[in-house]
There are 2 protein chains.
Amino acid sequence: MTESVPPRSRPGPRRGLTERAILDAALRLVDAGGAEALSVRSVAAEMGVAPNALYTYFRTKADLVAALGDDLLGRLDLDAALGDADWRSAVVRLAADLRATLLAHPGVVPLLLHAGFAGPRALVAGEVLLELLSRGGLPADDTARASYLLQTYVLGTVALDAAELPPGAARPDDAARTAERRRALGGADPALLPRTAAAADVVAAYNGDAQFRWGLDRLLDGL
Amino acid sequence: MTESVPPRSRPGPRRGLTERAILDAALRLVDAGGAEALSVRSVAAEMGVAPNALYTYFRTKADLVAALGDDLLGRLDLDAALGDADWRSAVVRLAADLRATLLAHPGVVPLLLHAGFAGPRALVAGEVLLELLSRGGLPADDTARASYLLQTYVLGTVALDAAELPPGAARPDDAARTAERRRALGGADPALLPRTAAAADVVAAYNGDAQFRWGLDRLLDGL
DNA sequence: ACCTGAACACCGTTCAAGT
DNA sequence: ACCTGAACACCGTTCAAGT
């Protein structure tokens, strides 16, 4: 009998290969294996296409990474923050949302930090933060600087937390966090670093979210 | 006439290839070409040895990167901070030193963020920060959390700033910063992002260091 | 317009061998 | 102990060609 069409491996368009599907596949890979599991070739393999097929949708790998990061920022619930009558709790809500969204995909964090926050979704989120702060009645210049301050705080926190999260693993509980912090102290002699040894217990005893909100409150108190 | 020893390309030990020299070469490459200019092979080429020669000194590239980051933290002037009679100005001094040290080598920043701050030099610097904060008379638990807060702030600031610094270029002045911020807004319609457009001018009008110290002061006020 | 195959100049790392 | 040469399984990207 004559061969019918070979399953699917000839040139030409395919439905199913879209920008959206590529970003979903990329996020899946990063979630499973961390930032270094993301390559043009691994994404292509995940989608069952030739590596260079992706260049129809993204000009370079850097563009793909930027789009992946911005896509994540597009998932923030900006309306929820804008709808909060109290400006300060609205800011806390937005900051916590950003933190949770990024830590749900810790492998993306180093990619995002390297790429910067210049995508369209990032700009919109920044605009919302400025709106919320302006409701607080700060002097105009302070609003701009406070926005920058808040962004750096959230990013710094997320960066440090994400660096501790091994790819593909479940979020560690408090006990695991404590163990990890102690491990990070490594072979260092606790007698030489008495305050560090003590602080590791204190910080680890709070879960990351409580620690995050404590710092956020201190920061808002200073404004 | 008979050939004397070929210049130097045979197996066997060489003086000049040391951990220190490797880190210096690596830093030179990162300074010149950014984080992606750092490869095991590029460092080896810079030193005139075979790529695998480096594996005598570092088990993996990740180990080399971690050592590079920690080496930078070892350049902090901890004694200057400890010698400052006023605890608050000592903290500001240490934070500014850290920021300046990292931004002097912006290409290292993404590497450092990914690797975390778990090296011996990082631990010692953290210990000093805790010491300074404890002089401030905070409750013991707050000292630990304030230390974490300060670290995240400095890191976040540096990460955002470093993402804007092109590798190999001179530190941009205020005019260049303003132009860059406007460019980052890209094709975005300023009418849709009115507050962002206004804030870009405000933030860029301050140099990064003044902005950094403003945030640091707000933060310390909240403690 | 959208995809494939083949190729280019790279990677990090390992292994056997030389000094 | 310290280095080289050669090889392995990878990269991102480009180019010509097929539908």
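Chain identifiers are assigned alphabetically (A, B, ...) following the order of the sequence lines, protein sequences preceding nucleic acid strands; residue numbering begins at 1 within each chain. Atoms considered below: every heavy atom in the structure, side chains included; atoms not considered: hydrogens, waters and symmetry mates.
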Could you state the atom-to-atom distance from NZ of B:K61 to C1' of C:dT14 in whole Å? 18 Å
Rounded at 0.5 Å granularity, tell me how far CH2 in B:W214 sits from CZ in A:R145. 6.0 Å
Tightest non-hydrogen contact, residues A:F117 and A:L155, listed as CZ-CD2, 3.2 Å
Nucleotide nearest B:A50 when distance is taken to its side chain, options D:dT4, C:dT4, D:dG12: D:dT4
Minimum heavy-atom distance between B:L160 and A:T152, given as atom pair plus value: CD1-CG2, 3.7 Å
Phosphate-side-chain proximity, A:Y57 and C:dC3, N/O vs OP1/OP2 below 4.0 Å: yes
Value in whole Å for how far the C1' atom of D:dC3 lies from CG of B:L17: 9 Å
From C-beta outward on B:P51, which listed nucleotide comes closest to its side chain: C:dC2, D:dC2, C:dT13? C:dT13
Starting from C1' on D:dT13, measure out to CZ on A:F58 and report it in whole angstrom. 16 Å
Among the nucleotides D:dT13, D:dC3, C:dC3, which one has an atom lying closest to any side-chain atom of B:A53? D:dC3
In whole angstroms, the gap separating C1' of D:dC2 from CD1 of B:I22 amounts to 11 Å
Duplex segments of DNA chain D, taken as runs of at least three Watson-Crick or G-U pairs that stay under 3.5 Å: C:4-8 with D:12-16, C:12-16 with D:4-8
Rounded to the nearest angstrom, tell me the gap between atom CD in B:E36 and atom P in C:dC10. 15 Å
Spacing of A:D71 atom CG and A:R20 atom CZ [to the nearest 0.5 Å]: 4.0 Å
How long is the line joining OH of B:Y55 and P of D:dC2, in whole Å? 17 Å
What heavy-atom pair brings A:S42 and A:A37 nearest, and what distance separates the two atoms? OG-O, 3.0 Å
Look only at the side chain of A:D31 and the backbone of A:H105, and say whether a donor-acceptor pair between them is shorter than 3.5 Å. no
Taking only N and O in the side chain of A:S39, is any of them less than 4.0 Å away from OP1 or OP2 of D:dG12? yes
Spacing of B:L38 atom CG relative to C:dC10 atom P, expressed in whole Å: 16 Å
Whole angstrom value for the distance that separates P of D:dC8 from CZ of B:R41: 14 Å
CG (A:L64) and CG (A:L68) are apart, to the nearest 0.5 Å, by 7.0 Å
